[in-house]
Structure formats: structure tokens, C-alpha cells
Amino acid sequence: MEFRSFMELALEEARAAGARDEVPVGAVVVAPGGDVVARAGNRTRELRDPTAHAEMLAIRAACAALGSERLGGHSLYVTLEPCAMCAAAIAAARIERLYYAASDPKSGGVAQGARVFSHAQSHHVPQIYDGIAASEAEALLRDFFAAKR
């Protein structure tokens, strides 16, 4: 099967989140056959829920759509390195592949900070691919926060 990136869909979700005055992060869950199962952008302010990160919302929606708490064989595309909470949810859902755009030196939980998947208590370690469309994701975040200052 030929590789196809779904990062542009995640970037669309990030742009929509930014337009809602949320931190512009988007996520997409893709089934093994290449169908998009769920997509979401941050909604922490809108829902007044600190767990309403794009990854968490997309994982919840995908699990609900599939009627399972496991997403084995699925891929997750996200525009920012997942935080520790989201990385733990990725492990719990048994997502097979994680693709992310921008690194997050402040709050990342994959290659930065907590490094959840390298911890001995991690239930599952996905295949990780970083830096996909990083410049676009970084620009969205930079512009969003520059407008706040």
C-alpha cells in the first residue's frame, strides 16, 4: 500500500480551532485501510474541559464510531507533539502509528518532557514519525500566540 499523509486534514482542524480562539491543534484518526474515522481540533475553552485536546477528542470519537476502546492498526495525525496526557491515551488506545508535525519543547510528552512511550510503564509504543508539515504547524501556533501578545 502506498503511503498517504493525512496531515493536511489535521492542519484544517488546527485552523478551525484557531478560528474558534482555541490553541490551533488538530488531529485525525485513520483506519488501516485509509479511511478517516475521526477528526477534531482543540476545544478546551469551548467545552471548559482541560482534557478536550484534539487528540483526546479524535480518539474518543474514533472509539465511539468503532464501538471499541482499542484502535489497533490505526494511525493518528496531529499537528503538535502530544502532551503526556494525550500520549498516555494513544498508548491506552493501542494506536499503531503516530505522525506529528511540530515539536513541543514546553509541553511535549513524546520526544520532549515526560517521554511517555519510553517509560517502563507505557502499555504500548506506537511507531512515531515527526516533523511532517512542521513548518505549517509551527506558523499556525506562532501566529496565534503572537496575536495574543
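Everything numeric in this text was worked out from a predicted model, so none of it was measured.
Closest non-hydrogen pair, A62 versus V29, comes out as CB-CG1, 3.8 Å. What you find for G41 and E13 is that their closest heavy atoms are N-OE1, 3.5 Å. What you find for T44 and P50 is that their closest heavy atoms are CG2-O, 4.1 Å. The shortest non-hydrogen separation linking A91 to S122 is CB-OG, 4.1 Å.
A donor-acceptor contact shorter than 3.5 Å is absent between the side chain of H53 and the backbone of E55. Between the T79 side chain and the G26 main chain, a donor and an acceptor come within less than 3.5 Å of each other. Under a 3.5 Å cut-off, the side chain of S103 and the backbone N or O of P105 do not form any donor-acceptor pair.
A distance of 11.0 Å separates CG in L71 from CZ in R94, rounded to the nearest 0.5 Å.
Taking hydrophobic clusters as Ile, Leu, Val, Met, Phe, Trp and Tyr residues chained together by side-chain heavy-atom distances below 4.5 Å, V23 shares a cluster with I59. In the hydrophobic clustering of ILVMFWY residues, with side-chain heavy atoms under 4.5 Å counting as a link, Y77 and L80 come out apart. Linking ILVMFWY residues whenever their side-chain heavy atoms come closer than 4.5 Å, directly or via other members, places I90 and V78 in the same cluster. Cluster membership for M56 and V37, using ILVMFWY side-chain heavy atoms within less than 4.5 angstrom, is not shared.
Under the side chain to side chain contact (heavy atoms under 4.5 Å, CB included) criterion, L9 pairs with F6, E12, V28, V36, R39, sequence neighbours left out. Annotation: side chain to side chain donor-acceptor pair (under 3.5 Å) contacts of T51 (sequence neighbours excluded): D49, R60.
Screening residues 24-33 for side-chain hydrogen bond (donor to acceptor under 3.5 Å, both in side chains), with sequence neighbours left out, gives no hits. For residues 15-35, every residue pair satisfying the salt bridge (charged side-chain N to carboxylate O under 4.0 Å, His left out) rule, not counting sequence neighbours, is listed here: E8-R15, R20-E46, D21-R45, D21-K148.
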Check: residues 124-144 side-chain donor-acceptor pairs under 3.5 Å, at least two apart:
{"residue": "H124", "atom": "NE2", "partner": "I95", "partner atom": "O", "Å": "2.7"}
{"residue": "Q127", "atom": "OE1", "partner": "Y129", "partner atom": "OH", "Å": "2.9"}

Distance-only criterion, 3.5 Å: show the donor-acceptor pairs between side-chain atoms of residues 81-88 and protein atoms not counting sequence neighbours.
{"residue": "E81", "atom": "OE1", "partner": "D104", "partner atom": "N", "Å": "2.9"}
{"residue": "E81", "atom": "OE2", "partner": "V110", "partner atom": "N", "Å": "3.0"}
{"residue": "E81", "atom": "OE2", "partner": "A111", "partner atom": "N", "Å": "2.7"}
{"residue": "E81", "atom": "OE2", "partner": "Q112", "partner atom": "N", "Å": "2.9"}

